[in-house]
J.: 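Before I ask anything, let me first share the structure, which is written out below as structure tokens.
Ligands are counted one by one from 1 in listed order, and the atoms in each one are counted from 1 as well. These numbers were taken from a predicted model, which means no experiment stands behind them.
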Amino acid sequence: MLNLILFGPPGSGKGTQSEKLVEKYHLIHLSTGDLLRKEISTKTELGLAAQGYMNEGKLVPDEVVIGMIGNCIDANPAAKGFLFDGFPRTVPQAKALDTLLSAKSTPINTVLFLQVNEEELIKRLVKRGETSGRADDADPAIQKKRQDVYKEQTLPVSGYYQQFDKVVNVIGEGSIDDIFAGLSKEIDKFN
Ligand code: ADP
């Protein structure tokens with residue numbers, strides 16, 4: 001199996017690159033942001049509980065997203081591998097993922113960390129805010145909150161995986177195809 005984490009701040013291009021990667025490597029795409037938005041649009045209990053956190057740019061509680069990811073892993077027993085996008089976002093989520101995967105004897109192979117400078121991130125998020133229709137994209141104060149949450153709670157996840165030598169930095173600026181080529185080059189080392 002090939003289990004990858006695509007890591008980086010909001011606006012670093014994880015969603016765009018994930019779509020291309022799952023197609024090329026035949027992986028199951030697990031985006032907690034997408035899964036949560038689906039729960040909201042179908043008005044499930046989980047979605048209703050998550051909505052308030054998301055609209056404020058805060059993280060949804062760990063146990064909620066961990067449960068969701070556990071269900072998705074169980075629902076795909078024949079998967080060739082998983083691409084985790086937007087998860088894990090806290091160190092407890094990373095540890096829980098390790099436990100879920102060790103039960104399947106299939107660890108995370110690598111954490112691909114998209115490198116994008118802050119000025120470019122803000123430019124991209126402002127642009128996305130004009131078209132995405134997402135409440136958490138439209139408001140600059142909420143975007144700022146998401147960047148702060150990233151620095152405080154999510155960046156430590158890269159430190160967690162660095163201790164196991166699993167993090168590779170990949171250039172996240174330039175054309176979509178160039179960035180994709182950089183990611184593919186790293187992934188091909190595991191194939
Ligand atoms: P982006 O790609 O812009 O960073 P996402 O679509 O991944 O945003 O996530 C949107 C929101 O969903 C987050 O701000 C957070 O509230 C919630 N969310 C997504 N993934 C997680 C997670 N792993 N843990 C907690 N909250 C999450």
J.: How far does NE2 of H29 sit from CG of L83, to the nearest 0.5 angstrom?
T.: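 The CG atom of L83 is 5.5 Å from NE2 of H29, to the nearest 0.5 Å.
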J.: Okay, side chain of N169, backbone of L114: is any donor-acceptor separation there less than 3.5 Å?
T.: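 Looks like no, no N/O pair under 3.5 Å.
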J.: Quick one: does ligand 1 sit under 4.0 Å from the side chain of M68, the backbone, both or neither, non-hydrogen atoms only?
T.: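 For M68, no heavy atom sits under 4.0 Å from ligand 1.
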J.: With D165, which residues qualify under side chain to side chain donor-acceptor pair (under 3.5 Å), at least two apart?
T.: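 Side chain to side chain donor-acceptor pair (under 3.5 Å) list for D165, sorted by chain: empty.
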J.: If hydrogens are left out, which of Q93, R89, R37 has an atom nearest to atom 4 (O) of ligand 1, that is, the closest non-hydrogen atom?
T.: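 Among Q93, R89, R37, the closest heavy atom to atom 4 (O) of ligand 1 belongs to R89.
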J.: Would you mind checking if E186 and K189 are paired as a salt bridge, meaning a charged N to carboxylate O distance below 4.0 Å?
T.: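 Looking at E186 together with K189, the answer is yes, because their closest N to O distance falls below 4.0 Å.
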J.: What I want to find out is whether K123 reaches E119 closely enough, with some N-O distance under 4.0 Å, to be called a salt bridge.
T.: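 Salt bridge between K123 and E119, a charged N being under 4.0 Å from a carboxylate O: no.
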J.: Which one of M54, R146, K58 has a non-hydrogen atom at the shortest distance from atom 11 (C) of ligand 1?
T.: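 It is M54 that holds the nearest heavy atom.
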J.: Name all pairs fulfilling the salt bridge (charged side-chain N to carboxylate O under 4.0 Å, His left out) condition that reach into residues 53-79, sequence neighbours left out, sorted by first residue then second.
T.: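 Residue pairs passing salt bridge (charged side-chain N to carboxylate O under 4.0 Å, His left out), neighbours aside: E56-K58.
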J.: Numbering the atoms of ligand 1 from 1, which are under 4.0 Å from a heavy atom of G86?
T.: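 Heavy-atom distances to G86 below 4.0 Å select 20 (N), 21 (C), 22 (C), 23 (N).
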J.: For atom 26 (N) of ligand 1, find the nearest protein heavy atom and state the residue, atom name and distance (0.1 Å precision).
T.: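 Atom 26 (N) of ligand 1 sits closest to the protein heavy atom V60 N, 3.0 Å.
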J.: Say whether, by atom type as modelled, one donor and one acceptor occur between the side chain of T44 and the main chain of E39 under 3.5 angstrom.
T.: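 Present.
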J.: Students should be able to answer this: which protein heavy-atom is nearest to atom 20 (N) of ligand 1, and at what distance?
T.: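 I find the closest protein heavy atom is T32 OG1, 2.7 Å.
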J.: How far is atom 18 (N) of ligand 1 from its nearest protein heavy atom, and which residue and atom name does that atom have?
T.: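 Heavy-atom neighbour on the protein nearest atom 18 (N) of ligand 1: L36 CD1, 3.5 Å.
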J.: Heavy-atom contact under 4.0 Å between E56 and ligand 1?
T.: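 No.
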J.: Consider every N or O of R128 and every N or O of ligand 1, then say whether any pair is closer than 3.5 Å.
T.: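 Indeed, backbone or side chain, R128 has an N or O that close.
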